[in-house]
Amino acid sequence: MTAPTHTTSAPTPTTPVTVGGDLHGPVIDWFDAHARDLPWRRPEAGPWGVMVSEFMLQQTPVNRVLPVYEQWLARWPRPADLAKEAPGEAVRAWGRLGYPRRALRLHGAAVAITERHGGDVPTEHPQLLALPGIGEYTAAAVASFAYGQRHAVLDTNVRRVLARAVTGTQYPPNATTAAERRLARALLPEDERTASRWAAASMELGALVCTAKNETCHRCPITAQCAWRLAGKPAHEGPARRGQTYAGTDRQVRGKLLAVLRDAVAPVPQAVLDRVWDEPVQRARALDGLVSDGLVEPLPGGLYRLPMT
DNA sequence: AACACGTGGTG
DNA sequence: TCACCAAGTGT
């Protein structure tokens, strides 16, 4: 399950831990000096605050999450508070964070926590993984950040840091590979407290210094041992990332439809929804998709609203 | 494995 | 301008 690493004996020469020397100390020290003061990192946030932040931060920048996070926690300070609400209230409070299915899943996770875990965010990785909207990354993040456990927390920031510092490439592969997971596990400090600090620190380094564009190596605590920089920062080879085109897609139509429903205080007639998009086939497909996803509730008489049941 | 899934900031 | 990017998950 866990890779055998040894902090008290001499590392095996082939152990990846030795690649580039020790990364943990410099990165953790840098984190202690430069970490952002984010609300979900304060002790008052608790496991629920950590979990809410992780849902919101899935593919959404910190700056846009901050205000919604504060309102969310003020309104629903415990999982049971959210579980009592209609799912549509979660979708409405989600606002314009994007990917509103996350709001639905966070609500579903709150219900499951209330039913199965007595209202407390579960502490074990498998229990977290079983909740809706929580995948490998989020389960590890909550277990590590909220409970101080030892898990490889492999998000896009950490993947980029490891790709550069250890592997020597500008970017990680498009999809997470077994080799990346193996490397992340091998680099995990043995000590639980150090491991959880390393997880947060390496992620923060990727977010603030070792960024996708315009990385600032002169501010990096491990620049001297970074394999990519030592190799002369070679440009990325291989297939470019698949562009996420948006204009004209179903996603854009769904976004427009949902925006109308979020702002409505009463059920909306189909005729009103029809105004958001000219093309009738795509418009109908988008609305059907929202209904089948549970984001929209159809009512008799051609009326629609956010799901209240 | 490849795609769908929102939204807004940035160079 | 527009392509890329931002603490992924589910199918």
Quiz item: To the nearest Å, how far apart are A:Leu66 CG and B:dG9 P?
Solution: 14 Å
Exercise. Just call it for A:Gly135: base, sugar-phosphate, or nothing, with non-hydrogen atoms closer than 4.0 Å on any strand.
Key: sugar-phosphate
Quiz item: Mind checking the P distance from C:dA6 to B:dA1? Whole angstroms is fine.
Solution: 22 Å
Self-check item: Out of B:dC5, C:dA7, C:dG8, whichever nucleotide has its closest atom nearest the side chain of A:Gln59
Solution: C:dG8
Quiz prompt | A:Arg160 vs C:dA6: side-chain N/O to OP1/OP2 distance below 4.0 Å | solution = yes
Quiz item: Which nucleotide in the set B:dT7, C:dA7, B:dC5 lies at the smallest distance from any side-chain heavy atom of A:Tyr246?
Solution: B:dT7
Practice problem: Could you work out the separation of B:dG8 and C:dT9 based on their P atoms and round it to a whole Å? | Solution: 23 Å
Exercise. Check every atom of C:dC4, B:dG8, B:dG6 against the side chain of A:Lys213 and return the nucleotide holding the closest atom.
Key: C:dC4
Self-check item: Test applied, salt bridge (charged side-chain N to carboxylate O under 4.0 Å, His left out); reference residue, A:Asp293; option that passes from A:Arg105, A:Arg102, A:Arg251, A:Arg254
Solution: A:Arg254
Quiz item: Out of A:Leu261, A:Val272, A:Leu303, which one pairs with A:Pro267 under the side-chain contact (heavy atoms from CB on, under 4.5 Å) rule?
Solution: A:Leu303
Exercise. Measure distances between side-chain N and O atoms of A:Thr60 and base N and O atoms of B:dG6, and say whether any donor-acceptor pair falls under 3.5 Å.
Key: yes
Quiz item: For the side chain of A:Arg36, counting heavy atoms from C-beta on, which of C:dA6, C:dG8, C:dA7 is nearest?
Solution: C:dA7
Exercise. Could you measure between the two P atoms, the one in B:dG11 and the one in C:dA7, and give it in whole Å?
Key: 16 Å
Self-check item: Any N/O donor-acceptor pair, A:Arg64 side-chain to B:dT7 base, under 3.5 Å
Solution: yes
Quiz item: Is a salt bridge present between A:Arg75 and A:Glu85, judged by a nitrogen-to-oxygen distance below 4.0 Å?
Solution: yes
Quiz item: Hey, which of these two, A:Ala175 or A:Gln252, hits DNA chain B nearer its 5' end, going by closest nucleotide?
Solution: A:Ala175
Practice problem: Have a look at A:Trp40 and say if it touches a base, only the backbone sugar-phosphate, or nothing, with a 4.0 Å heavy-atom cut-off. | Solution: base
Quiz prompt | Toward the 5' end of DNA chain C, by each residue's nearest nucleotide, A:Arg105 or A:Arg41 | solution = A:Arg41
Exercise. Name the residue closer to the 5' end of DNA chain C, choosing between A:Gln58 and A:Pro61 according to the nucleotide with the nearest heavy atom.
Key: A:Pro61
Quiz item: Is there a donor in the side chain of A:Glu54 and an acceptor in the side chain of A:Tyr137, or the other way round, less than 3.5 Å apart?
Solution: yes
Exercise. Give A:Ala141 one of three labels, base, sugar-phosphate or nothing, depending on what nucleic acid heavy atoms sit under 4.0 Å from its own.
Key: nothing
Practice problem: Find the distance A:Met56:CE to B:dG6:C1' and express it as a whole number of Å. | Solution: 15 Å
Quiz item: Roughly how far apart, to the nearest Å, are B:dT7 and C:dT11 at atom C1'?
Solution: 23 Å
Quiz item: Heavy atoms under 4.0 Å, any strand shown: does A:Thr138 hit a base, just sugar-phosphate, or nothing?
Solution: sugar-phosphate
Quiz prompt | Protein-nucleotide distance (A:Arg159, atom CZ; C:dG8, atom C1'), rounded to Å | solution = 11 Å
Quiz item: Of the candidate nucleotides B:dC5, C:dC5, C:dA6, which contains the atom at the shortest distance from the side chain of A:Thr156?
Solution: C:dA6
Quiz item: Across the strands shown, which category fits A:Leu290 at heavy-atom distances under 4.0 angstrom: base, sugar-phosphate, nothing?
Solution: nothing
Quiz item: In terms of side-chain heavy atoms of A:Tyr171, which of C:dC5, B:dC5, C:dA7 is nearest?
Solution: C:dC5
Exercise. Measure from CG on A:Leu104 to P on B:dG6 and round the result to the nearest Å.
Key: 11 Å
Quiz item: What interatomic distance, in whole Å, is found between P of C:dT1 and the corresponding atom of B:dG6?
Solution: 25 Å
Quiz item: A:Ile134 near the nucleic acid: base, sugar-phosphate alone, or nothing, with a heavy-atom cut-off under 4.0 Å?
Solution: sugar-phosphate
Quiz item: Taking the same atom, C1', in B:dC5 and in C:dC5, what whole-Å distance lies between them?
Solution: 16 Å
